[in-house]
Amino acid sequence: MADQQKDLYDILEVSRTATQEEIKKSYKRLAKKYHPDIYKGDDAEDRFKEINAAYEVLSDEQKRAAYDRYGTTDPNFGSFDGGFGGFGGFGGSGMDPFEDILRSMFGGATSGFGGSGYSSRANTSPIKGENVVRNWDISFMDAIHGATIKVPVDYEEPCEHCHRTGAKDGKMKTCPHCNGRGRIVETVSTFLGAMRQESVCPDCGGSGQVPEEACDACHGEGYEYRHTELNVKIPQGIKTGTQVRIPGKGGRGYNGGPNGDLYLNINVLSDPTFKRRGDDIAIETTISALDAILGATIKVPTVFGEDNLEIKAGTQPGQRYRMKGKGVVTSRHTGDQFVTVNVEIPTKLSERERDLYTEIRDHVAAQPEKPFEKIKDFFTGRKQD
Ligand SMILES: [Zn+2]
Ligand SMILES: [Zn+2]
């Protein structure tokens, strides 16, 4: 097996990043050099076999990948019934591929081999709980002005009675499952043969101690369920997609670590009147044809309440007015409100109205050069020239 140890790349005298072309070239050169008919050393046959074996693996991308990962392509390689002791024979640089194998097979839970123990401690150190994200709808106006909203939350907290131990009166005993080691060793069969797998004891969570008697308050859980309603401040001008963080109200921490956080993923509900465009607000309003012609002061809604808007004489349908500072106020910027004006044409006229409109039309027809001014003068009763 010592031969297996020899690096295939070294045998073929190529780098680990060599291309297939380079591998092929080097193989041809070496095969020629060490061909038993040419090379007259005592190890001629062995060298030649070695080169061919190396080429067989490295010229096949799949085998090469397996070799890169596991350091071997032989499925029977090392039937280590003797557990980790069997690895001893490889010593030295032979360790690395096995670390890789074990890491890929068992993840962080593996340890117990020759002090390399890359992860055994991580399992018992405090870890913050998971963050929890919840979707949360808020009204359009709450988003504009900011608000304090009530959010019911469910979470777990270390039990006050037993200080997370889960033990009645804090009395603990040695974990019978792992005999206080905090870790358990199981023999698992793998394609490398039977192996010892070490993992955190599920009963004591790695502490090696379990409650003598379960705490009454938390039934030995060490954590208590809480349900409460929190007042959560929503900043003014908040947009859909913004996340509001509520610290410590997420998933339970591990090994005494703090809880994760709760995030509210804000969705701002739409409003029938106001549309938001960034920090600006858009609304539509409808005025009469006469107000459009003559101008007027009208009332329009804003997010701050009703406000006056000056409609200029001669306003066209679809014309847009800007109301400065009447948009969304954020910490950085204040938006404006844009008002799109619809002009309503009357559909029914009284007899008197019909007469007046007809009179205007006749009047305009007689003086076509400045029709708009004429209409306006007509309505405002200004003297004609
Ligand atoms: Zn245990
Ligand atoms: Zn308790």
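Side chains are part of it too, since the values below use all heavy atoms of this structure and drop only hydrogens, waters and symmetry mates.
V210 and I184 are assigned to two separate hydrophobic clusters, defined by single-linkage of ILVMFWY side chains at heavy-atom distances under 4.5 Å.
The side chain to side chain contact (heavy atoms under 4.5 Å, CB included) test with S26 is passed by exactly one of I51, I11, L58, V14: V14. In summary, of the residues considered (D336, T334, D307), a side-chain hydrogen bond (donor to acceptor under 3.5 Å, both in side chains) with K326 occurs for D307 alone.
Screening residues 210-233 for ring pair (Phe, Tyr, Trp, His ring centres under 6.0 Å) gives no qualifying pairs among residues at least two apart or on separate chains.
Between the CD atom in E344 and the OG atom in S288 there is a gap of 8.0 Å [rounded to 0.5 Å]. Annotation: the span from Y34 atom OH to R29 atom CZ amounts to 8.5 Å, rounded to 0.5 Å. Going from atom CZ of R320 over to atom OG1 of T340 covers 6.0 Å, rounded to the nearest 0.5 Å. Here NE2 of H333 is found 6.5 Å from CG of D280. Values are rounded to the nearest 0.5 Å. One distance of note links NE2 of H161 with SG of C215; it measures 7.0 Å at 0.5 Å rounding. Note that the NZ atom of K233 and the CD1 atom of I238 stand 10.5 Å from one another [nearest 0.5 Å].
K24 NZ: 12 or fewer foreign heavy atoms inside a 6.0 Å radius. In this structure, E306 places its CD atom where more than 12 heavy-atom neighbours from other residues, nucleotides or ligands lie under 6.0 Å away. The number of heavy-atom neighbours closer than 6.0 Å to CZ of R16, taken from other residues, nucleotides and ligands shown, is above 12. The environment of E21 atom CD is sparse: at most 12 non-hydrogen atoms of other residues, nucleotides or ligands sit within 6.0 angstrom.
Counting only distance, with no hydrogens or angles, the side chain of Y321 and the backbone of K312 share a donor-acceptor pair below 3.5 Å. Put simply, the side chain of E13 never gets that close to the backbone of D10: no donor and acceptor are under 3.5 Å apart. For the pair N308 (side chain) and K299 (backbone), a donor-acceptor distance under 3.5 Å is absent. Counting only distance, with no hydrogens or angles, the side chain of R245 and the backbone of P247 share no donor-acceptor pair below 3.5 Å. When atom types are taken as modelled, the side chain of K275 and the backbone of D271 share a donor-acceptor pair closer than 3.5 angstrom. Put simply, the side chain of N131 never gets that close to the backbone of G260: no donor and acceptor are under 3.5 Å apart. The closest donor-acceptor contact from the side chain of E130 to the backbone of N259 lies at 3.5 Å or more, if one exists at all. Between the side chain of D60 and the backbone N or O of Q62 there is at least one donor-acceptor pair closer than 3.5 Å.
Salt bridge E221/R252: present, at least one basic N to carboxylate O contact under 4.0 Å. Salt-bridge check for K168 with E212: failed, with every basic side-chain N at 4.0 Å or more from each acidic carboxylate O.
At a threshold of 4.5 Å between non-hydrogen side-chain atoms, the residues Q20 and K25 do not count as touching. I266 has its side chain out of reach of T240: every pair of non-hydrogen atoms, C-beta onward, lies at least 4.5 Å apart. In this structure the side chain of I149 never reaches within 4.5 angstrom of the side chain of N231, judged on heavy atoms. Two residues are said to be in side-chain contact when any heavy atoms from C-beta on lie closer than 4.5 Å; N52 and Y27 meet this criterion. In this structure, the side chains of V132 and Y263 stay at 4.5 Å or more apart for every pair of heavy atoms.
Summarising the geometry of K128 relative to Y254, their closest heavy-atom pair is O-CD1, 4.2 Å, with the distance given to 0.1 Å. I283 and T273 get closest at one heavy-atom pair: CG2-O, 3.6 Å. Taking each heavy atom of P346 and A289 in turn, the nearest pair found is CD-CB, 4.4 Å. Closest of all the heavy-atom pairs between E186 and S199 is OE1-OG, 4.3 Å. Residue C204 comes nearest to Q209 through the heavy atom pair CB-O, 3.5 Å, listed as atom of the first residue, atom of the second, then distance. T17 and R64 make their closest contact through C-NH2, 4.0 Å (heavy atoms, listed as atom of the first residue, atom of the second, distance).
Between H145 and F304, the angle of the ring planes goes over 60°, which puts this pair in the perpendicular group of the 30/60° scheme.
The side-chain tip of R226 does not point at the ring of Y155 from less than 6.0 angstrom away and within 45° of straight on.
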